[in-house]
Amino acid sequence: MIDNSPVARHRRRMENFNAIVDAISAAVFFKLPMLGTEIELIVLYLALPMLFFTLWLGFPNITQVGRAIRILRTQPDKGEAQGDVSQWAALSTALSGTIGLGNIAGVAVALTMGGPGAILWMFVIGWFAMTVKMAEVTLGLKYRVFDAEGHVHGGPMYVLKAVGAARGWPKVGLALGGAYAFFALFGAIPMVQVNQSFAQVKVVTGLTNGWGYGIFLACAVALVTLGGAAWLGEVAKRLTPLKVAVYLVGVFAILILHLGAIPGALVLIWDGAWTGNAATGGAVGAFVAGMRRAVFASEAGVGSAVMAHSLARARHPVSEGLVALLEPLLGTMIVCGLGGLALVVADTWNSGLEGIAITSAAFAQVSPWFPWLLAVVVFLFAYSTLVAWGFYGLQAWGYLFGHGARAQWTYKILYVVALPPAAAIDLGRVVGIVDSSFFLMAIPNVIALYLCAGELRRDVKAYLTQKENPAG
């Protein structure tokens with residue numbers, strides 16, 4: 001006899017819900033066997049355009065880094081180009097969303113999965129990711145739109161809509177753009193950031209009131225989120241250098257403490273990339289772990305950063321694309337690379353710990369109070385990520401429901417209210433929904449990149465030729 005009590009019905013509903021979430025997660029993170037190990041199909045889907053566009057666009061991740069830095073030094077002022085924020089503020093906002101807890105805990109995860117060799121592969125894949133960031137941001141600037149008040153709106157959804165219309169597939173473009181915006185609404189709720197930051201704060205302070213921490217963090221996010229894009233840019237361009245600097249202070253302190261171990265650690269990383277060890281899957285395991293974490297850390301191909309860069313006052317779409325080139329360089333190659341080296345010299349990655357606990361143990365080798373420094377870093381990383389992704393979600397909401405004042409305030413309130421529970425509950429399968437949505441964003445975004453490959457190369461060549469021969 002079937003139990004129809006309220007408790008039993010609720011249990012069955014939860015079981016059905018969990019089954020649906022598990023099925024979605026299994027589909028999104030479907031694994032393929034690869035030389036004796038397994039890798040998620042979505043990671044390969046994101047890694048392939050990194051290689052393709054690096055070759056297709058002529059290795060701008062080598063030849064154009066200097067130009068990207070010069071663009072930041074000579075960015076246009078208000079009135080010289082359209083846009084809501086400076087190019088530096090747009091880059092800082094994008095970095096706020098990209099350089100998050102994944103750059104701290106993600107490195108530790110890569111080490112436990114693939115050994116020290118994974119750090120080299122993270123560095124290499126991060127280098128390839130630079131070109132994809134350049135490509136997607138160039139398209140975002142090219143197809144961004146301005147409303148009646150002169151404010152800019154952009155992102156992969158606008159690219160897909162415009163490209164579909166230009167190629168005679170308006171309904172396809174609308175559908176793909178709508179799909180991207182829909183997935184972005186769920187992917188833009190980084191509840192894990194709230195949960196993990198509370199976990200580290202709890203370790204060093206003994207704080208047990210998750211709801212109190214969550215409400216405090218939500219109020220801090222609301223101060224910026226409710227202030228609009230200009231305020232977001234101002235906060236991001238000050239907070240991003242601060243959080244990276246504080247983290248690197250800890251990393252360099254670990255490296256100085258273990259100065260004599262650095263040459264041996266570099267050899268270990270190099271050898272591990274080509275030989276590895278059986279416990280971590282050998283060389284293939286190192287490669288897969290490094291590639292997976294680099295793809296996740298850089299977010300190249302996901303298209304999220306396009307929404308931040310679309311705000312920039314840029315003289316040409318390619319110029320902002322070149323600025324975006326610096327994101328994986330700073331976030332994945334430098335921050336993750338140095339952080340990974342510090343964990344190898346500290347030898348905490350091989351101590352049976354997991355995730356951010358590995359980093360915390362390495363910081364504790366410098367001084368008993370250094371885990372407090374890490375707690376500050378974790379809070380700053382989580383906070384800036386929440387602020388940036390709140391803006392990304394707002395752009396997706398506006399694409400679906402309009403950019404009117406009522407629609408915008410509705411989303412902002414919903415976003416802020418959704419944050420506190422994450423610090424107090426076991427996320428469980430809710431995280432599965434958020435993570436699945438995040439990587440589903442990549443599917444339509446990468447389609448747009450391939451559809452626009454020809455015009456991308458023409459635009460880049462035309463821009464660089466004009467810069468080399470300004471009178472021509």
Side-chain angles (χ1 to χ4, degrees), residues 39 43-44 46-55 59-66 68-69 95 98-134 244 247-248 250-252 254-255 258 261-277 280-302 305 324-347 349-350 358-359 362:
I39 184 170
V43 174
L44 288 176
L46 286 166
L48 288 175
M50 295 182 186
L51 176 61
F52 172 77
F53 282 100
T54 297
L55 297 171
F59 293 92
N61 44 1
I62 295 177
T63 61
Q64 302 303 322
V65 174
I69 295 172
L95 284 170
T98 302
I99 303 181
L101 293 184
N103 297 73
I104 302 177
V107 172
V109 170
L111 278 166
T112 53
M113 287 175 55
I119 302 303
L120 177 62
W121 291 120
M122 281 193 75
F123 187 89
V124 171
I125 299 299
W127 177 73
F128 281 104
M130 293 169 66
T131 312
V132 172
K133 274 293 175 80
M134 172 188 171
V244 173
Y247 176 61
L248 290 181
V251 167
F252 282 122
I254 295 169
L255 293 175
H258 298 281
I262 291 178
L266 292 173
V267 171
L268 197 63
I269 290 171
W270 177 261
D271 289 345
W274 307 107
T275 58
N277 59 70
T280 55
V284 175
F287 171 74
V288 169
M291 179 171 69
R292 182 183 298 161
R293 300 320 310 172
V295 169
F296 289 2
S298 69
E299 298 176 14
V302 176
L325 190 83
L326 300 173
E327 272 185 62
L329 172 64
L330 296 171
T332 305
M333 298 175 70
I334 294 177
V335 174
C336 289
L338 289 172
L341 178 61
L343 296 185
V344 174
V345 299
D347 200 31
W349 67 275
N350 204 23
I358 295 173
T359 310

- Task: Apply side-chain contact (heavy atoms from CB on, under 4.5 Å) to F52 and T131, showing your working.
- Result: CA-CA 9 Å; F52 172 77; T131 312; over 6 Å; no
- From CA spacing to verdict: side-chain contact (heavy atoms from CB on, under 4.5 Å), L341, I119: CA-CA 8 Å; L341 178 61; I119 302 303; 5.8 Å; no
- Message: Ignoring hydrogens, what is the shortest heavy-atom contact between G126 and P328? Give both atom names and the distance.
- Response: O-CB, 3.4 Å
- Message: Quick check: closest heavy atoms across V344 and W349, and the distance to 0.1 Å?
- Response: CA-CD1, 3.9 Å
- Separation of F128 CZ from L55 CG (nearest 0.5 Å): 7.0 Å
- Task: Provide the closest heavy-atom pair for T332 versus M122 in the form atom of the first, atom of the second, distance.
- Result: CG2-O, 3.7 Å
- Query: Which one of M130, M50, M333 satisfies the side chain to side chain contact (heavy atoms under 4.5 Å, CB included) criterion with N61?
  - Reply: M130
- Taking ring-ring contact (aromatic ring centres under 6.0 Å, His included) as the test, write out the residues that go with F123, two or more places apart. none
- When you look at L111 and I358, which way does the side-chain contact (heavy atoms from CB on, under 4.5 Å) test go after all the steps? CA-CA 10 Å; L111 278 166; I358 295 173; 5.6 Å; no
- Task: Quick one: closest heavy-atom pair of V345 and I254, and the distance?
- Result: CG2-CG2, 4.1 Å
- Task: Provide the closest heavy-atom pair for A362 versus L343 in the form atom of the first, atom of the second, distance.
- Result: CB-CD2, 3.7 Å
- Check the pair L330, V335 against side-chain contact (heavy atoms from CB on, under 4.5 Å), reporting the backbone distance first and the verdict last. CA-CA 6 Å; L330 296 171; V335 174; 5.6 Å; no
- What closest approach, in Å, do T54 and P60 show between heavy atoms, and which atom pair accounts for it? O-CD, 4.1 Å
- Inter-residue atom distance Y247.OH - F252.CZ, 0.5 Å rounding: 11.0 Å
- Query: How far does CG of D271 sit from CG of L266, to the nearest 0.5 angstrom?
  - Reply: 11.0 Å
- Message: With rounding to the nearest 0.5 angstrom, report the CD1 to CG distance, I69 to L329.
- Response: 7.5 Å
